[in-house]
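Inspection log for the structure reproduced underneath, given as structure tokens.
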There are 2 protein chains.
Amino acid sequence: MLFRIDLNSPKPVYQQVIDQVKYAVAAGRLRAGDRLPAIRDVATQTRVNRNTVARAYLELEREGVIRTNAGQGSFVRDEGPAGVHRARARRVLADLIDEMLAQARQFQMAEAEVIALVNERLSKVELE
Amino acid sequence: MLFRIDLNSPKPVYQQVIDQVKYAVAAGRLRAGDRLPAIRDVATQTRVNRNTVARAYLELEREGVIRTNAGQGSFVRDEGPAGVHRARARRVLADLIDEMLAQARQFQMAEAEVIALVNERLSKVELE
DNA sequence: TAGTTGTCCTATATGATCTAGGACAATAGG
DNA sequence: CCTATTGTCCTAGATCATATAGGACAACTA
């Protein structure tokens, strides 16, 4: 696992670390039990203060993505029963979609136009 | 035109004003030539400092959404030949869609599953 | 025992955001 | 001409999030 930090990004550094870990886990590049690099190592390599990296790891643990123990390091957690997370994921995504559709209605966009736009973005985003 | 400002939102107040004007224009609630409320009036009604509102109006003028003259006020600009407002609406919606797709990717959802979910919500939301 | 690791702590710096209010030119309407 | 309105410009300060800096310590490993 290596991090790419952009100091000029509007996104905070600690958030970039969080997102990159989450993405790596979702993409399968990091699997349950895999160890994350040590906070101080990440800090050195990315030239970021160690407290900033620690903040990211702390948040990741609070969200249940990793487990961490002093002296050992931080490790990707087991997923647990897949069905539960799956249902919750669907609910979260449905809310986002509803919000998007509400905006489309405000713009008086036709249904076909919205679908076309979704497909257009899908082809660009390269899902999975 | 009236504004709804949420001081607890992570989105800056001036950005909320900008977005609400843009959305109103894109949705057709504000049309070319329509006058925006005076900066000081908006500030009073929303209990926001007048400089904050002025910053939003300034940004809207720089983006070509409105034209403004001291002593007169601010007015929605003509669209021009290209359908600028329409294009802006598409961009706003594309951003929302991208955000949604990013979340879907985090959830490791297949493309087909996302599309199915969009269609499911579409049929419930009754677009237009 | 010595080194690694995560954690906690205080202190400081910076930038964005927001507030506060003074001052002024352009405009509109008597 | 006079007055009120409107947008604009200015300085000043408060607050918050982010990030840096480094000291200290407990848990763990070899």
Side-chain angles (χ1 to χ4, degrees), chain A residues 1-22 25 30 32-77, chain B residues 1-22 25 30 32-77:
Chain A
M1 179 89 201
L2 91 174
F3 294 92
R4 293 175 294 107
I5 300 301
D6 178 11
L7 293 178
N8 296 326
S9 167
K11 187 186 290 184
V13 172
Y14 77 93
Q15 190 64 54
Q16 292 181 42
V17 173
I18 291 172
D19 290 347
Q20 284 176 35
V21 171
K22 282 184 180 178
V25 171
L30 278 180
D34 283 355
R35 191 190 172 199
L36 294 182
I39 286 179
R40 283 174 177 82
D41 290 348
V42 176
T44 301
Q45 289 169 9
T46 60
R47 296 174 188 176
V48 161
N49 190 271
R50 74 173 193 257
N51 294 318
T52 303
V53 181
R55 178 178 176 182
Y57 277 33
L58 184 64
E59 177 65 19
L60 283 167
E61 181 167 39
R62 274 206 256 103
E63 294 187 31
V65 180
I66 63 176
R67 70 183 158 77
T68 176
N69 292 99
Q72 287 182 314
S74 298
F75 304 84
V76 178
R77 258 192 159 171
Chain B
M1 180 86 200
L2 89 172
F3 295 90
R4 294 175 293 107
I5 300 300
D6 178 12
L7 293 178
N8 296 326
S9 167
K11 186 185 291 184
V13 172
Y14 78 92
Q15 190 65 52
Q16 292 181 43
V17 173
I18 292 173
D19 289 347
Q20 285 176 36
V21 170
K22 283 184 180 177
V25 171
L30 278 180
D34 283 356
R35 190 190 174 201
L36 294 183
I39 287 179
R40 284 174 177 79
D41 290 348
V42 175
T44 302
Q45 288 169 8
T46 59
R47 296 175 187 174
V48 162
N49 191 271
R50 73 173 194 257
N51 295 318
T52 303
V53 181
R55 178 177 177 183
Y57 276 34
L58 184 65
E59 177 64 20
L60 283 166
E61 181 167 38
R62 273 205 267 106
E63 294 188 29
V65 181
I66 63 176
R67 69 182 159 78
T68 174
N69 292 96
Q72 287 183 314
S74 299
F75 304 85
V76 178
R77 262 194 157 171

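The analysis underlying the following values was restricted to heavy atoms, covering all of them including side chains, and did not include hydrogens, waters or symmetry mates. Proteins get letters first, then strands, A, B, ... in listed order; numbering begins at 1 in each.
Contacts of B:Arg50 classified as side-chain hydrogen bond (donor to acceptor under 3.5 Å, both in side chains), with partners at least two apart in sequence or in another chain: none. Every residue was checked against the side-chain hydrogen bond (donor to acceptor under 3.5 Å, both in side chains) condition with B:Thr52, not counting sequence neighbours, and none meets it. A:Asn69 pairs by the side-chain hydrogen bond (donor to acceptor under 3.5 Å, both in side chains) definition with nothing, not counting sequence neighbours. Considering only residues two or more places apart in sequence or on other chains, B:Asp19 meets the salt bridge (charged side-chain N to carboxylate O under 4.0 Å, His left out) condition with B:Lys11. For A:Arg62, the salt bridge (charged side-chain N to carboxylate O under 4.0 Å, His left out) test picks out A:Glu59, with sequence neighbours left out. In this view, A:Leu2 satisfies the side chain to side chain contact (heavy atoms under 4.5 Å, CB included) rule with no residue, not counting sequence neighbours. Judged as a side chain to side chain contact (heavy atoms under 4.5 Å, CB included), and not counting sequence neighbours, the contacts of A:Asp34 are A:Leu30, A:Arg31, A:Val76.
Counting only residues at least two apart or on different chains, the salt bridge (Lys or Arg N to Asp or Glu O under 4.0 Å) pairs with a member in residues 63-76 of chain B are B:Lys22-B:Glu63.
Between the side chain of B:Arg35 and the backbone N or O of B:Gln72 there is at least one donor-acceptor pair closer than 3.5 Å.
Near DNA chain D, meaning a heavy atom under 4.0 Å from it, residues 2-18 of chain A has A:Pro12, A:Val13, A:Tyr14 in order of number. Contacts with DNA chain D (heavy atom under 4.0 Å) in residues 40-58 of chain B: B:Arg40, B:Arg50, B:Asn51, listed by number. For the segment residues 64-75 of chain B, the set of residues with a heavy atom within less than 4.0 Å of an atom of DNA chain D comprises B:Thr68, B:Asn69, B:Ala70, B:Gly71, B:Gly73, B:Ser74, in numerical order.
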Could you go through residues 39-48 of chain B and list every donor-acceptor pair under 3.5 Å that involves a side-chain atom there, pairing it with any protein atom two or more places apart or in another chain?
| unit_1 | atom_1 | unit_2 | atom_2 | d |
| --- | --- | --- | --- | --- |
| B:Thr44 | OG1 | B:Arg40 | O | 2.9 |
| B:Thr46 | OG1 | B:Val42 | O | 2.6 |

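Computed from coordinates, the B:Glu61 CD to D:dT6 C1' distance equals 13 Å when rounded to whole Å.
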